[in-house]
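Here the structure comes first, spelled out in C-alpha coordinates, and everything after it is commentary.
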Number of protein chains: 2
Amino acid sequence: MDSTLRARLAAAGVAPECATTIELVRDLLARAGDKWTVLVVTALADGPLRFTALHERIAGVSQRMLGHTLRALTRDGLVTRTAHAEVPPRVEYALTPLGRSFGDTVAHTVRWVQQHRTEILRNRERFDGEAPPTG
Amino acid sequence: MDSTLRARLAAAGVAPECATTIELVRDLLARAGDKWTVLVVTALADGPLRFTALHERIAGVSQRMLGHTLRALTRDGLVTRTAHAEVPPRVEYALTPLGRSFGDTVAHTVRWVQQHRTEILRNRERFDGEAPPTG
DNA sequence: CTGAATCCTTGTTGATACTG
DNA sequence: CAGTATCAACAAGGATTCAG
(Lines give C-alpha, C1' and ligand atoms only; values in the text may rest on other atoms or scores of the structure.)
Protein backbone atom coordinates (compact mmCIF):
# COMPACT_ATOMS: atom_id res chain seq x y z
CA MET A 1 0.00 0.00 0.00
CA ASP A 2 1.01 3.63 0.12
CA SER A 3 3.15 3.45 3.20
CA THR A 4 4.78 6.70 2.23
CA LEU A 5 1.53 8.50 2.73
CA ARG A 6 1.01 6.80 6.03
CA ALA A 7 4.43 7.89 7.16
CA ARG A 8 3.75 11.42 6.08
CA LEU A 9 0.45 11.55 7.82
CA ALA A 10 2.06 10.09 10.91
CA ALA A 11 4.70 12.78 10.73
CA ALA A 12 1.91 15.30 10.48
CA GLY A 13 0.43 13.93 13.69
CA VAL A 14 -2.45 11.99 12.20
CA ALA A 15 -3.54 8.90 14.10
CA PRO A 16 -2.71 5.60 12.33
CA GLU A 17 -6.29 4.46 12.21
CA CYS A 18 -7.34 7.75 10.71
CA ALA A 19 -4.50 7.51 8.22
CA THR A 20 -5.70 4.09 7.12
CA THR A 21 -9.16 5.53 6.68
CA ILE A 22 -7.81 8.31 4.50
CA GLU A 23 -6.00 5.81 2.34
CA LEU A 24 -9.12 3.71 2.09
CA VAL A 25 -11.29 6.69 1.31
CA ARG A 26 -9.02 7.71 -1.49
CA ASP A 27 -8.87 4.14 -2.64
CA LEU A 28 -12.62 3.78 -2.85
CA LEU A 29 -13.01 7.23 -4.33
CA ALA A 30 -10.41 6.41 -6.95
CA ARG A 31 -12.18 3.17 -7.71
CA ALA A 32 -15.46 4.97 -8.13
CA GLY A 33 -13.70 7.38 -10.45
CA ASP A 34 -12.01 4.82 -12.62
CA LYS A 35 -13.17 4.14 -16.09
CA TRP A 36 -15.41 1.14 -15.57
CA THR A 37 -16.49 0.63 -11.98
CA VAL A 38 -19.58 2.79 -12.08
CA LEU A 39 -20.71 1.16 -15.30
CA VAL A 40 -20.20 -2.30 -13.85
CA VAL A 41 -22.04 -1.51 -10.64
CA THR A 42 -24.85 0.07 -12.60
CA ALA A 43 -25.09 -2.92 -14.90
CA LEU A 44 -25.28 -5.29 -11.94
CA ALA A 45 -27.91 -3.20 -10.18
CA ASP A 46 -30.66 -4.93 -12.16
CA GLY A 47 -29.47 -8.38 -11.19
CA PRO A 48 -26.64 -10.90 -11.59
CA LEU A 49 -24.85 -11.13 -14.91
CA ARG A 50 -22.30 -13.40 -16.51
CA PHE A 51 -18.91 -12.21 -17.65
CA THR A 52 -19.85 -12.16 -21.30
CA ALA A 53 -23.15 -10.45 -20.61
CA LEU A 54 -21.28 -7.69 -18.83
CA HIS A 55 -18.76 -7.51 -21.60
CA GLU A 56 -21.51 -7.02 -24.15
CA ARG A 57 -23.52 -4.63 -22.06
CA ILE A 58 -20.63 -2.32 -21.30
CA ALA A 59 -19.57 -0.93 -24.65
CA GLY A 60 -15.85 -0.47 -25.10
CA VAL A 61 -14.49 -2.38 -22.13
CA SER A 62 -11.72 -4.87 -22.81
CA GLN A 63 -11.73 -8.34 -21.27
CA ARG A 64 -8.68 -7.36 -19.34
CA MET A 65 -10.14 -4.26 -17.75
CA LEU A 66 -13.46 -5.93 -17.07
CA GLY A 67 -11.60 -8.75 -15.36
CA HIS A 68 -9.52 -6.35 -13.30
CA THR A 69 -12.52 -4.26 -12.32
CA LEU A 70 -14.51 -7.30 -11.33
CA ARG A 71 -11.62 -8.70 -9.35
CA ALA A 72 -11.12 -5.47 -7.44
CA LEU A 73 -14.82 -5.25 -6.70
CA THR A 74 -14.86 -8.85 -5.57
CA ARG A 75 -11.84 -8.34 -3.35
CA ASP A 76 -13.58 -5.56 -1.46
CA GLY A 77 -16.70 -7.66 -1.11
CA LEU A 78 -18.79 -5.35 -3.27
CA VAL A 79 -19.49 -8.13 -5.73
CA THR A 80 -19.74 -11.91 -5.48
CA ARG A 81 -18.27 -14.25 -8.03
CA THR A 82 -20.03 -17.56 -8.42
CA ALA A 83 -18.36 -20.14 -10.63
CA HIS A 84 -20.56 -23.04 -11.63
CA ALA A 85 -18.65 -26.25 -12.28
CA GLU A 86 -20.05 -26.92 -15.69
CA VAL A 87 -18.92 -27.27 -19.26
CA PRO A 88 -18.78 -24.73 -20.68
CA PRO A 89 -17.90 -22.69 -17.60
CA ARG A 90 -20.48 -20.30 -16.22
CA VAL A 91 -19.60 -17.50 -13.84
CA GLU A 92 -22.09 -15.11 -12.39
CA TYR A 93 -21.37 -11.78 -10.81
CA ALA A 94 -23.79 -10.12 -8.44
CA LEU A 95 -23.85 -7.11 -6.19
CA THR A 96 -23.60 -7.80 -2.47
CA PRO A 97 -25.57 -5.71 0.03
CA LEU A 98 -22.35 -3.81 0.60
CA GLY A 99 -21.99 -3.27 -3.12
CA ARG A 100 -25.55 -2.08 -3.37
CA SER A 101 -24.90 0.31 -0.53
CA PHE A 102 -21.79 1.55 -2.30
CA GLY A 103 -23.83 2.03 -5.45
CA ASP A 104 -26.31 4.15 -3.54
CA THR A 105 -23.54 6.35 -2.22
CA VAL A 106 -22.08 6.79 -5.66
CA ALA A 107 -25.56 7.52 -7.00
CA HIS A 108 -25.69 10.36 -4.52
CA THR A 109 -22.64 11.90 -6.11
CA VAL A 110 -23.95 11.20 -9.57
CA ARG A 111 -27.07 13.13 -8.71
CA TRP A 112 -24.98 16.02 -7.45
CA VAL A 113 -23.09 16.14 -10.72
CA GLN A 114 -26.32 16.04 -12.70
CA GLN A 115 -27.68 18.93 -10.70
CA HIS A 116 -24.56 21.04 -11.15
CA ARG A 117 -23.66 19.86 -14.61
CA THR A 118 -24.54 23.08 -16.35
CA GLU A 119 -22.83 25.25 -13.80
CA ILE A 120 -19.60 23.27 -13.94
CA LEU A 121 -19.57 23.22 -17.72
CA ARG A 122 -20.17 26.96 -17.78
CA ASN A 123 -17.35 27.52 -15.30
CA ARG A 124 -14.99 25.53 -17.48
CA GLU A 125 -15.88 27.48 -20.56
CA ARG A 126 -15.36 30.75 -18.82
CA PHE A 127 -12.04 29.61 -17.39
CA ASP A 128 -10.83 28.26 -20.71
CA GLY A 129 -11.92 31.46 -22.40
CA GLU A 130 -9.89 33.65 -20.08
CA ALA A 131 -6.80 31.71 -19.16
CA PRO A 132 -5.41 29.73 -22.12
CA PRO A 133 -3.58 32.56 -23.90
CA THR A 134 -0.45 32.02 -21.83
CA GLY A 135 0.52 35.67 -21.94
CA MET B 1 -12.09 15.19 -23.92
CA ASP B 2 -12.79 11.50 -24.18
CA SER B 3 -14.54 11.61 -27.51
CA THR B 4 -13.93 7.89 -27.89
CA LEU B 5 -16.17 7.17 -24.97
CA ARG B 6 -18.81 9.49 -26.32
CA ALA B 7 -18.70 7.69 -29.64
CA ARG B 8 -19.00 4.36 -27.93
CA LEU B 9 -21.89 5.45 -25.82
CA ALA B 10 -23.55 6.91 -28.89
CA ALA B 11 -23.05 3.61 -30.64
CA ALA B 12 -24.66 1.95 -27.66
CA GLY B 13 -27.68 4.19 -28.08
CA VAL B 14 -27.01 6.57 -25.21
CA ALA B 15 -28.26 10.12 -25.64
CA PRO B 16 -25.49 12.72 -26.13
CA GLU B 17 -26.51 14.76 -23.13
CA CYS B 18 -26.52 11.68 -20.97
CA ALA B 19 -23.15 10.70 -22.38
CA THR B 20 -21.72 14.06 -21.42
CA THR B 21 -23.11 13.60 -17.95
CA ILE B 22 -21.46 10.22 -17.65
CA GLU B 23 -18.14 11.69 -18.70
CA LEU B 24 -18.55 14.50 -16.23
CA VAL B 25 -19.55 12.16 -13.44
CA ARG B 26 -16.48 10.07 -14.00
CA ASP B 27 -14.43 13.19 -14.27
CA LEU B 28 -15.59 14.56 -10.95
CA LEU B 29 -15.41 11.15 -9.33
CA ALA B 30 -11.87 10.72 -10.62
CA ARG B 31 -10.97 14.14 -9.32
CA ALA B 32 -12.37 13.28 -5.91
CA GLY B 33 -10.31 10.12 -6.01
CA ASP B 34 -7.05 11.69 -7.04
CA LYS B 35 -4.21 12.01 -4.66
CA TRP B 36 -4.72 15.54 -3.36
CA THR B 37 -8.16 16.95 -4.08
CA VAL B 38 -9.87 15.74 -0.95
CA LEU B 39 -7.03 17.02 1.20
CA VAL B 40 -7.15 20.43 -0.48
CA VAL B 41 -10.90 20.74 -0.16
CA THR B 42 -10.71 19.65 3.45
CA ALA B 43 -7.97 22.16 4.17
CA LEU B 44 -9.98 24.96 2.62
CA ALA B 45 -13.13 24.02 4.49
CA ASP B 46 -11.96 26.05 7.49
CA GLY B 47 -11.40 29.17 5.43
CA PRO B 48 -9.26 30.71 2.69
CA LEU B 49 -5.58 29.85 2.55
CA ARG B 50 -2.56 31.02 0.62
CA PHE B 51 -0.56 28.77 -1.66
CA THR B 52 2.26 28.34 0.82
CA ALA B 53 -0.11 27.75 3.70
CA LEU B 54 -1.72 24.94 1.75
CA HIS B 55 1.67 23.59 0.81
CA GLU B 56 2.69 23.42 4.44
CA ARG B 57 -0.59 22.09 5.68
CA ILE B 58 -0.79 19.25 3.20
CA ALA B 59 2.17 17.06 4.03
CA GLY B 60 3.90 15.54 1.05
CA VAL B 61 2.37 17.47 -1.81
CA SER B 62 4.74 18.93 -4.37
CA GLN B 63 4.36 22.45 -5.67
CA ARG B 64 3.58 21.03 -9.05
CA MET B 65 0.74 18.81 -7.91
CA LEU B 66 -0.68 21.43 -5.60
CA GLY B 67 -0.69 23.87 -8.50
CA HIS B 68 -2.35 21.37 -10.80
CA THR B 69 -4.97 20.42 -8.24
CA LEU B 70 -5.77 24.03 -7.48
CA ARG B 71 -5.98 24.90 -11.14
CA ALA B 72 -8.37 22.04 -11.86
CA LEU B 73 -10.51 22.99 -8.90
CA THR B 74 -10.53 26.62 -10.00
CA ARG B 75 -11.44 25.68 -13.54
CA ASP B 76 -14.55 23.86 -12.37
CA GLY B 77 -15.50 26.77 -10.15
CA LEU B 78 -15.05 24.79 -6.96
CA VAL B 79 -12.39 27.17 -5.73
CA THR B 80 -11.66 30.85 -6.26
CA ARG B 81 -8.19 32.19 -6.85
CA THR B 82 -7.61 35.75 -5.67
CA ALA B 83 -4.29 37.31 -6.62
CA HIS B 84 -3.43 40.46 -4.71
CA ALA B 85 -1.23 42.85 -6.67
CA GLU B 86 1.45 43.23 -4.05
CA VAL B 87 5.11 42.62 -3.56
CA PRO B 88 5.69 39.91 -2.63
CA PRO B 89 2.71 38.33 -4.41
CA ARG B 90 -0.12 37.01 -2.33
CA VAL B 91 -2.69 34.58 -3.67
CA GLU B 92 -5.59 33.28 -1.70
CA TYR B 93 -7.65 30.22 -2.44
CA ALA B 94 -11.13 29.74 -1.09
CA LEU B 95 -13.97 27.31 -1.52
CA THR B 96 -16.94 28.58 -3.51
CA PRO B 97 -20.49 27.60 -2.51
CA LEU B 98 -20.27 25.01 -5.26
CA GLY B 99 -17.00 23.75 -3.83
CA ARG B 100 -18.50 23.56 -0.38
CA SER B 101 -21.41 21.63 -1.79
CA PHE B 102 -19.00 19.28 -3.51
CA GLY B 103 -17.16 18.84 -0.25
CA ASP B 104 -20.39 17.88 1.48
CA THR B 105 -21.09 15.27 -1.15
CA VAL B 106 -17.62 13.84 -0.82
CA ALA B 107 -17.99 13.87 2.95
CA HIS B 108 -21.02 11.69 2.48
CA THR B 109 -18.87 9.09 0.76
CA VAL B 110 -16.13 9.49 3.33
CA ARG B 111 -18.63 8.70 6.04
CA TRP B 112 -19.74 5.62 4.14
CA VAL B 113 -16.17 4.40 3.96
CA GLN B 114 -15.66 5.03 7.64
CA GLN B 115 -18.75 3.04 8.47
CA HIS B 116 -17.73 0.11 6.31
CA ARG B 117 -14.01 0.37 6.83
CA THR B 118 -13.72 -2.76 8.95
CA GLU B 119 -15.89 -4.82 6.69
CA ILE B 120 -13.98 -3.87 3.57
CA LEU B 121 -10.64 -4.51 5.20
CA ARG B 122 -11.86 -7.88 6.41
CA ASN B 123 -13.10 -8.76 2.94
CA ARG B 124 -9.73 -7.92 1.48
CA GLU B 125 -7.89 -10.06 3.97
CA ARG B 126 -10.14 -12.98 3.32
CA PHE B 127 -9.80 -12.58 -0.42
CA ASP B 128 -6.03 -12.24 -0.27
CA GLY B 129 -5.88 -15.25 1.99
CA GLU B 130 -7.77 -17.47 -0.43
CA ALA B 131 -6.93 -16.37 -3.90
CA PRO B 132 -3.26 -15.44 -4.27
CA PRO B 133 -1.82 -18.94 -4.60
CA THR B 134 -2.48 -18.95 -8.33
CA GLY B 135 -2.53 -22.71 -8.59
C1' DC C 1 5.93 34.23 -2.89
C1' DT C 2 3.72 31.86 -6.59
C1' DG C 3 3.84 28.83 -9.97
C1' DA C 4 5.16 27.38 -14.91
C1' DA C 5 8.63 24.38 -17.64
C1' DT C 6 11.49 20.42 -17.88
C1' DC C 7 12.96 15.81 -17.23
C1' DC C 8 12.43 11.37 -15.38
C1' DT C 9 10.14 7.39 -13.05
C1' DT C 10 6.22 4.82 -12.27
C1' DG C 11 1.48 3.20 -12.77
C1' DT C 12 -2.54 2.63 -15.65
C1' DT C 13 -4.89 1.25 -19.82
C1' DG C 14 -5.66 -1.43 -23.78
C1' DA C 15 -4.63 -4.85 -27.92
C1' DT C 16 -3.39 -9.19 -28.67
C1' DA C 17 -2.65 -13.84 -27.89
C1' DC C 18 -2.94 -17.91 -25.09
C1' DT C 19 -4.90 -21.36 -21.34
C1' DG C 20 -8.32 -24.25 -18.56
C1' DC D 1 -16.91 -19.33 -21.76
C1' DA D 2 -13.97 -16.99 -18.66
C1' DG D 3 -10.25 -15.34 -17.88
C1' DT D 4 -4.69 -14.52 -17.49
C1' DA D 5 0.01 -13.09 -19.62
C1' DT D 6 2.62 -10.17 -22.27
C1' DC D 7 3.81 -5.96 -24.38
C1' DA D 8 3.35 -1.22 -25.99
C1' DA D 9 1.40 3.40 -25.42
C1' DC D 10 0.30 6.95 -22.42
C1' DA D 11 -0.72 9.67 -18.40
C1' DA D 12 0.13 10.73 -13.55
C1' DG D 13 3.31 12.03 -10.13
C1' DG D 14 7.49 14.05 -8.38
C1' DA D 15 12.29 16.52 -8.19
C1' DT D 16 14.37 20.23 -9.85
C1' DT D 17 15.01 24.42 -12.17
C1' DC D 18 13.60 28.89 -13.93
C1' DA D 19 10.64 33.24 -14.02
C1' DG D 20 7.24 37.07 -12.86
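To find a chain, count down the sequence lines: A is the first, B the second, and so on, and within it residues start at 1.
Proximity note for A:M65 (side chain, C-beta onward) versus C:dT13, D:dA2, D:dG14: the nearest is C:dT13. Among D:dA2, D:dG20, D:dT4, the nucleotide with an atom closest to any side-chain atom of A:R71 is D:dT4. Counting only heavy atoms from C-beta on, B:P89 has its side chain closest to C:dC1 among C:dG14, C:dC1, D:dG3. Across D:dC1, D:dT4, D:dT17, the shortest atom-to-atom separation from the side chain of A:Q63 is found for D:dT4. Relative to the side chain of A:D34, the nucleotides C:dG3, C:dC1, C:dT13 differ in distance, and C:dT13 lies closest. In this structure, of C:dT13, D:dA2, C:dG3, it is C:dG3 that holds the atom nearest to the side chain of B:F51.
Nearer to the 5' terminus of DNA chain C, by closest-nucleotide assignment, is the contact made by B:E92 (compared with the other of B:E92 and A:S62).
Nearest heavy atoms, B:R71 versus A:F127: NH2-CE2, 3.8 Å.
For the OP1/OP2 pair of D:dA2 and a distance below 4.0 Å, the side-chain nitrogens and oxygens of A:T52 include at least one atom meeting the criterion. At D:dG14, one or more side-chain N or O atoms of B:W36 fall inside 4.0 Å of OP1 or OP2 (strictly under the cut-off). Between A:R81 and D:dG3, a side-chain N or O to OP1/OP2 separation shorter than 4.0 Å is present. In this structure, A:R64 does not reach the D:dG3 phosphate: none of its side-chain N or O atoms is under 4.0 Å from OP1 or OP2. At the phosphate of C:dG3, OP1 or OP2 sits under 4.0 Å from a side-chain N or O atom of B:Y93.
Rounded to whole Å, the distance from CG on B:L54 to P on C:dC1 is 14 Å. Regarding A:H55, its NE2 atom lies at a distance of 11 Å from the P atom of D:dA2, rounded to whole Å. Summarising the geometry, the separation between CG on B:L66 and P on D:dT16 is reported as 18 Å, rounded to the nearest angstrom.
Taking the six-membered ring wherever Trp is involved, the centroid distance between the rings of A:H116 and A:W112 falls below 6.0 Å.
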Candidate pair B:L49 and B:E92, rule side chain to side chain contact (heavy atoms under 4.5 Å, CB included), full reasoning
CA-CA 5 Å; B:L49 287 173; B:E92 280 203 332; over 6 Å; no
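A distance of 11.0 Å separates OG1 in A:T96 from CZ in A:F102, rounded to the nearest 0.5 Å.
The residues B:R31 and B:D76 are annotated as salt-bridged, a charged nitrogen and a carboxylate oxygen being separated by less than 4.0 angstrom.
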